[in-house]
Amino acid sequence: MAAYSSSLTVLLLLLHVTAMSMISMGVAGSYGQSHRYKAIYSFGDSLADTGNLYYETEKLSASRTSCLQLPYGETYFHRPTGRCSDGRLIVDFLAQKMGLPLLKPYLGIKNGKIKKDWKGREGVNFAVAGATALNSSFFIERGILNIATNYSLAVQLDWFKHLLPSICNSSSDCKKVLGNSLFLVGEIGGNDFNHPLFLRKSVEEIKAYIPFVINEISSAINELIHLGARTMIVPGNFPIGCNVIYLRIFNTTNMKEYDEAGCLKRLNELAQDYNKKLRVEINRLQRLYPNTNIIYADYYRAALPLYHSPKRYGFKTIQNSCCAAGVNNGSRCPSACYDPSHYISWDGIHLTEEAYNLIAKRIIKWTLRLF
């Protein structure tokens, strides 16, 4: 009886220690709240833009305002918000997991349209749909003239520095505030490859851009660290060879061009090459700054199973998007499917909320110690 009582005491002690460890690590339900970080600061393109495009409509051509019209935003917000999807993006799911408000766009704060609702230390989104890591002059010099915007990563970083006095009021205060924040540096760089691919530039030519893109991202990380950032998530690129738009642009009868899921092998190899080199640079930066946390987010690995086993995740096919293909009266989505959750692709380029949800869950699982 004494041995049983002793064993029970040890078991209860172990259960208590395990429970306390799980709490300290931020283990929660699917999207339970966690409060380790006080804010998110996000940089990137349309995969992360929560409304900067919306507040820049005066400078947009009709072909770029599609994300500002229904059915964009119909699933979660029931109205267009500037997000290029039917609902939430990965950054939205991360914010909700952390118990933080959805990120407000910098341009809305800058022009005063949402400033009354913004608290300086709740985080900001600087991502803009169409943005590239590199400045537009890089592409113009190479005859690539279809760049949608010049809100490059360097421009977004300048916005952050301009807003910094509204977030913190001294060097020590900034290091404390930013040290308790999560920085999402991307996804950025995808459009540096998308724009030339839309012009049917060769994969070999585009591969030569990779070191320039990675250098730009590395420079931004360096600068953020010097400003006080301590935790950064840096996403890689998706398996772009599975994107509906590329399956149509580069459609071929040569079945050797496709993998077993029907994705274009050479475009996925381009994304993998970029991701591998980006990861090498992130590892180098981590060694250079041992007191920081620079985490590579493997968007490629998180998304690939959706394309390889779509029915397992409730998707119909990888060949079609929810929105009707093509541009119609300035809209990329003249009509939408009845239920977007049955599709991976929303408009041929961007994904549906359901796809982003599944990808976000994988990223959160792999970086659980952050949340």
Side-chain angles (χ1 to χ4, degrees), residues 25-37 39-51 67 72-77 81-105 123 125 127 129 181-190 231-240 242-243 271 275 293 295-310 312-315 318 322 340-347 349-371:
M25 285 165 34
V27 176
S30 178
Y31 279 112
Q33 291 189 355
S34 171
H35 302 282
R36 178 172 178 181
Y37 294 100
I40 298 176
Y41 295 96
S42 172
F43 305 83
D45 54 28
S46 58
L47 300 184
D49 185 356
T50 57
C67 295
Y72 285 82
E74 67 175 13
T75 297
Y76 184 79
F77 303 98
T81 63
R83 289 168 174 82
C84 293
S85 181
D86 62 303
R88 289 165 291 180
L89 311 177
I90 293 172
V91 65
D92 294 315
F93 289 113
L94 294 182
Q96 290 180 327
K97 168 65 180 178
M98 295 168 64
L100 296 172
L102 300 185
L103 294 190
K104 294 180 174 63
N125 197 331
S181 302
L182 178 66
F183 286 79
L184 187 61
V185 188
E187 193 276 333
I188 188 76
T231 306
M232 281 149 285
I233 291 180
V234 187
N237 204 350
F238 283 125
I240 60 173
C242 303
N243 280 6
N275 291 342
N293 236 345
I295 297 100
Y296 172 75
D298 198 342
Y299 280 13
Y300 188 101
R301 186 162 67 99
L304 198 62
L306 308 186
Y307 295 103
H308 279 201
S309 306
R312 177 183 174 185
Y313 297 96
F315 299 120
I318 76 167
C322 176
S341 69
H342 289 161
Y343 291 81
I344 301 172
S345 177
W346 168 244
D347 59 10
I349 300 174
H350 309 99
L351 307 187
T352 60
E353 178 183 87
E354 181 59 22
Y356 285 136
N357 174 31
L358 293 171
I359 293 166
K361 284 183 176 180
R362 287 174 177 268
I363 297 301
I364 289 169
K365 179 180 179 182
W366 296 337
T367 58
L368 188 60
R369 59 198 171 93
L370 296 178
F371 300 95

Residues that Tyr41 engages under ring pair (Phe, Tyr, Trp, His ring centres under 6.0 Å), provided they are two or more places apart: Phe160, Phe183
Note, [X] side chain near [Y] side chain (heavy atom, < 4.5 Å):
| X | Y | value |
| --- | --- | --- |
| Leu94 | Ile364 | yes |
| Thr81 | Tyr76 | no |
| Trp346 | Thr352 | yes |

Spatial distance of atom [atom1] ([X]) from atom [atom2] ([Y]) [nearest 0.5 Å]:
| X | Y | atom1 | atom2 | value |
| --- | --- | --- | --- | --- |
| Leu184 | Met232 | CG | CE | 11.5 Å |
| Phe77 | Arg83 | CZ | CZ | 3.5 Å |
| Glu354 | Phe315 | CD | CZ | 5.0 Å |
| Arg362 | Ile90 | CZ | CD1 | 12.0 Å |
| Leu47 | Leu351 | CG | CG | 7.0 Å |
| Ile344 | Tyr307 | CD1 | OH | 5.5 Å |

Specify the closest pair of heavy atoms between [X] and [Y], including all atoms of both residues, with the distance to one decimal.
| X | Y | answer |
| --- | --- | --- |
| Asp45 | Gly189 | OD2-N, 4.5 Å |
| Tyr37 | Thr231 | OH-OG1, 3.2 Å |
| Arg88 | Glu353 | N-OE2, 2.8 Å |
| Ala303 | Pro239 | CB-CD, 3.8 Å |
| Ser46 | Cys84 | CB-SG, 4.0 Å |
| Gly190 | Asn237 | CA-ND2, 4.0 Å |

Worked verdict on Ile295 versus Trp366 for side-chain contact (heavy atoms from CB on, under 4.5 Å): CA-CA 10 Å; Ile295 297 100; Trp366 296 337; over 6 Å; no
Steps toward side-chain hydrogen bond (donor to acceptor under 3.5 Å, both in side chains) verdict (Asn275, Tyr299): CA-CA 9 Å; Asn275 291 342; Tyr299 280 13; over 6 Å; no
Donor on one side chain, acceptor on other, Ser85 and Tyr356, under 3.5 Å: no
Stepwise side-chain contact (heavy atoms from CB on, under 4.5 Å) test for Ile359 and Phe238: CA-CA 10 Å; Ile359 293 166; Phe238 283 125; 3.7 Å; yes
From CA spacing to verdict: side-chain contact (heavy atoms from CB on, under 4.5 Å), Lys104, Thr50: CA-CA 7 Å; Lys104 294 180 174 63; Thr50 57; over 6 Å; no
